[in-house]
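Here is the structure we will look at, set down as structure tokens.
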Amino acid sequence: MSHNPIRPWRNIYRRKSRQIMVGNVPVGGDAPISVQTMTNTDTSDVRATLDQILRAAEVGADIVRVSTPDEASTRALREICRESPVPIVADIHFHYKRAIEAAEAGAACLRINPGNIGDAARVKEVVRAARDHGCSIRIGVNAGSLEKHLLEKYGEPCPDAMVESGLDHIKLLQDNDFHEFKISVKASDVFLASAAYQALADATDAPIHLGITEAGGLMAGTVKSAIGMGNLLWAGIGDTLRVSLSADPVEEVKMGFEILKSLGLRTRGVQIISCPSCARQGFDVIKTVEALEKRLEHIKTPMSLSIIGCVVNGPGEALMTDIGFTGGGAGSGMIYLAGKQSHKMSNEQMIDHIVELVEKRASELEAEAAE
Ligand code: SF4
């Protein structure tokens, strides 16, 4: 729960789920909602895959998934898992041998649907490999690839069919006394995904991996994901998430964090509060915010910064942010520190000055946290 006794309308009561481990990252229970992405390189190209994982980790990815469709990929996985700064989930479809190889190679989690890998003996083998190598499993139900018998029973992909598919896969793991699993019921349609996740949340206490699958490009996909996942997260559902975009995995991670930051569920880096600007602006708000976003990308410590064009909203926003700048007249504006008016600063020097102030404040906060 994010508990706010002063502003109770901001409280989100998280669904109680079991906690599992994906490598060293706890998922579920009271663990922070983790942000995932997936590489889109050829996995057998170790260097390219690791580069992408490192870039994703740099912007905050807690977990990264890697596709392992063939033996060359699971061979490469050994070095990838060894060098990766974050736990790796191996993505497997149908080939139970790839799952065993991935577990042996050091994957922290296997994304596999046990009902799709063959008979009970194969399921047992995969579960044994997962258990022997400390892997968890993610069951990944997808509206686009539901089992034939469920499509026949329900007529089309629907929430009940998706949840039934998920529970069938869960049963196969439980029959093997394996409980280190999380589950997703993704769909590209926000109504279907949302209804399926809500039903799933009532049907199991397993940690839930959220996703609106095949959401689209950077802008449309982010809006769709924010609506679909935002509504679920607001209702307390979801322990880990991936924003699926036809875009750089780094963008997926950034968007995942933005969704969580908007709901106060996670904080990371500088959250900029800025106005849309209008004829009253005392400086170019849009260009300034663009420049600051780039120049402050390296800051990981949570902090808030308000960049407001004029005194209509500037002082009020500055009251609620760590650092603020409000446009004034005659080519300068006012800097606010911890909500209080501090000093005047010229528009020309303002970006460099704010970057310095943020970096200084970040070091102070880091030192305080270290103590
Ligand atoms: S804060 Fe001032 S500059 Fe910004 S949009 Fe409002 S009135 Fe315009």
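All values reported here derive from a predicted model rather than from experimental measurement. Order of appearance sets the numbers: ligands from 1, and atoms from 1 within every ligand.
Two different hydrophobic clusters hold L210 and I63 under the rule that ILVMFWY side chains link at heavy-atom gaps under 4.5 Å.
When each atom of ligand 1 is checked for a heavy atom of I308 under 4.0 Å away, the hits are 1 (S).
In this structure, R128 fails the cation-pi test against F178, since its NZ or CZ atom is not both closer than 6.0 Å to the six-membered ring centre and inside 45 degrees of the ring normal.
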Report the C-alpha separation of S363 and E366 in whole Å, then their side-chain angles, then the decisive distance to 0.1 Å, and conclude whether the side chain to side chain donor-acceptor pair (under 3.5 Å) test is met.
-> CA-CA 5 Å; S363 325; E366 281 156 27; 5.4 Å; no
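Other residues sharing the hydrophobic cluster of V289, ordered by chain and number and joined by side-chain separations under 4.5 Å: V270, I272, F283, V285, L292, L296, I299, M303, L305, I307, I323, F325, I335, L337, M345, M350, I351, I354, V355, L357, V358, L365.
With a cut-off of 2.8 Å, the protein N/O/S atoms near atom 8 (Fe) of ligand 1 add up to 1.
Under the side-chain hydrogen bond (donor to acceptor under 3.5 Å, both in side chains) criterion, D45 pairs with no residue, sequence neighbours left out. When the ring-ring contact (aromatic ring centres under 6.0 Å, His included) test is applied to F257, no partner is found at least two apart in sequence or on another chain.
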